[in-house]
Amino acid sequence: MKPKVYITRRVPDEIIVKIEKEFDIRIWDETDVPVPREVLEKEIVDVDGLFCLITETVDRELLEKAPQLKVVSNMAVGYNNIDIKAAKEKGITVTNTPGVLTETTADLTFALLMATARRLIESSDYLREGSWKTWSPMQLTGQDIYGATIGIIGMGRIGAALAKRAKGFDMNVLYHNRSRKLSLEKDLNMKFVELDSLLKESDFVCIMTPYTPETIDLISARELSLMKKTSILINTARGGIVNEEDLYHALKRGEIWAAGLDVFEQEPISLDHPLLTLPNVVTVPHIGSASIKTRMKMAELAAENLLLALKNQTPKHVVV
Ligand code: NAP
């Protein structure tokens with residue numbers, strides 16, 4: 001009898017075919033709706049492997065319903081949706097998909113930085129709604145990017161890829177990280193600073209850490225109050241690292257100039273969220289890694305991790 005695998009969303013057919021060759025699979029077949037919790041709880045009961053996305057909360061309670069489960073393969077680099085401690089205790093392997101999405105996520109982060117600094121969405125809306133009557137000197141003016149100071153919090157794979165892009169714009173790069181990255185500092189000519197200095201000195205503050213107990217509310221009222229009035233906050237890491245209520249007040253009071261957000265405390269963000277009422281907030285729906293090639297690579301890697309774990313071989317990327 002083939003091992004059983006549950007896939008929580010329809011991934012491209014070639015990936016399904018690959019998994020299906022080796023395992024008995026069941027799939028939550030709706031593209032735009034996550035699998036309801038009660039369905040997942042029923043489906044997980046007899047499976048050996050779970051292929052899931054960040055939209056699924058794989059907590060202790062769920063893992064306890066799955067006596068046969070050997071592997072949880074997450075199609076993402078971040079794994080804050082999974083209770084790693086519980087998985088480890090139960091001897092369940094957890095895998096993720098780092099690396100293949102680094103450049104694409106850095107591209108989106110820089111695109112969001114540029115869109116926010118130069119008010120692209122607001123300008124496009126201005127034109128389309130018929131407000132453009134003439135060219136005028138200070139109309140829709142934004143902040144300069146070229147030569148500005150960028151502060152990157154979290155100098156891992158994506159942080160470093162973002163720093164490289166910033167160097168292309170002759171930016172002064174500051175970073176803060178849990179550990180120093182001496183060789184990267186030299187290669188990219190960037191400076192390690194304490195968090196408060198980074199916040200005080202940067203024109204752009206970009207968050208690139210994982211979401212962990214240490215990074216919850218890392219950027220709250222105090223941190224925002226240290227930033228320049230002309231500065232811009234970009235978060236493409238995870239919602240919850242920035243306190244959204246504090247961010248709203250800082251933007252509303254003009255303590256910082258603007259924010260570009262790909263990730264939110266609750267996803268999807270509610271349409272009546274106060275942040276969505278502000279013109280100086282650019283929001284996109286968690287599309288950091290959303291290029292066709294990268295999403296294919298992530299799905300392939302997640303499938304490979306799953307296959308290897310269920311064949312008792314070492315997966316390419318093991319979290320625990
Ligand atoms: P990574 O290579 O593991 O880098 C994370 C970096 O954050 C590491 O350098 C780590 O420091 C640092 N860090 C961790 N905790 C910290 C803390 N408390 N204070 C300061 N620095 C801390 O991960 P990555 O591949 O670059 O991805 C980073 C995150 O981006 C992911 O966890 C994910 O949540 C997010 N992401 C979002 C999207 C999207 O679609 N928006 C796409 C991909 C990834 P050490 O070097 O000391 O470990």
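Residues: numbered from 1 along the sequence shown. Counting convention: from 1, in listed order, for ligands and their atoms alike.
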Numbered atoms and elements of ligand 1 in range of [X], under 4.0 angstrom, heavy atoms:
X	answer
S179	45 (P), 46 (O), 47 (O)
H286	39 (C), 40 (O), 41 (N)
S289	40 (O)

Considering non-hydrogen atoms of the protein only, which is the closest contact for [atom], and what is the distance?
atom	value
atom 23 (O) of ligand 1	R157 NH2, 3.4 Å
atom 44 (C) of ligand 1	V77 CG1, 3.2 Å
atom 10 (C) of ligand 1	N177 OD1, 3.5 Å
atom 4 (O) of ligand 1	G156 CA, 3.2 Å
atom 18 (N) of ligand 1	T215 CG2, 3.5 Å

Do other residues, nucleotides or ligands put more than 12 heavy atoms under 6.0 Å from the [atom1] atom of [X]?
X	atom1	result
Q266	CD	no
E245	CD	no
Y79	OH	no

Measure the distances from the heavy atoms of P98 to every atom of ligand 1 and state whether one is below 4.0 angstrom.
no
Quick one: does T212 get a heavy atom under 4.0 Å from ligand 1?
no
Compare K181, M298, M155, M208 and give the one whose heavy atom is closest to atom 46 (O) of ligand 1.
K181
Ignoring hydrogens and angles, state whether a donor on the side chain of S270 or D272 is under 3.5 Å from an acceptor on the partner side chain.
yes
Test item: side-chain donor near acceptor, T209 and R178, under 3.5 Å:
no
salt_bridge(K316, E304) N-O dist < 4.0 Å
yes
Start with the C-alpha gap between R10 and I16, add the side-chain angles, then the distance that decides, and say whether side-chain contact (heavy atoms from CB on, under 4.5 Å) holds.
CA-CA 8 Å; R10 180 148 282 277; I16 305 273; 4.2 Å; yes
Does Y211, backbone or side chain, put an N or O under 3.5 Å from an N or O of ligand 1?
no
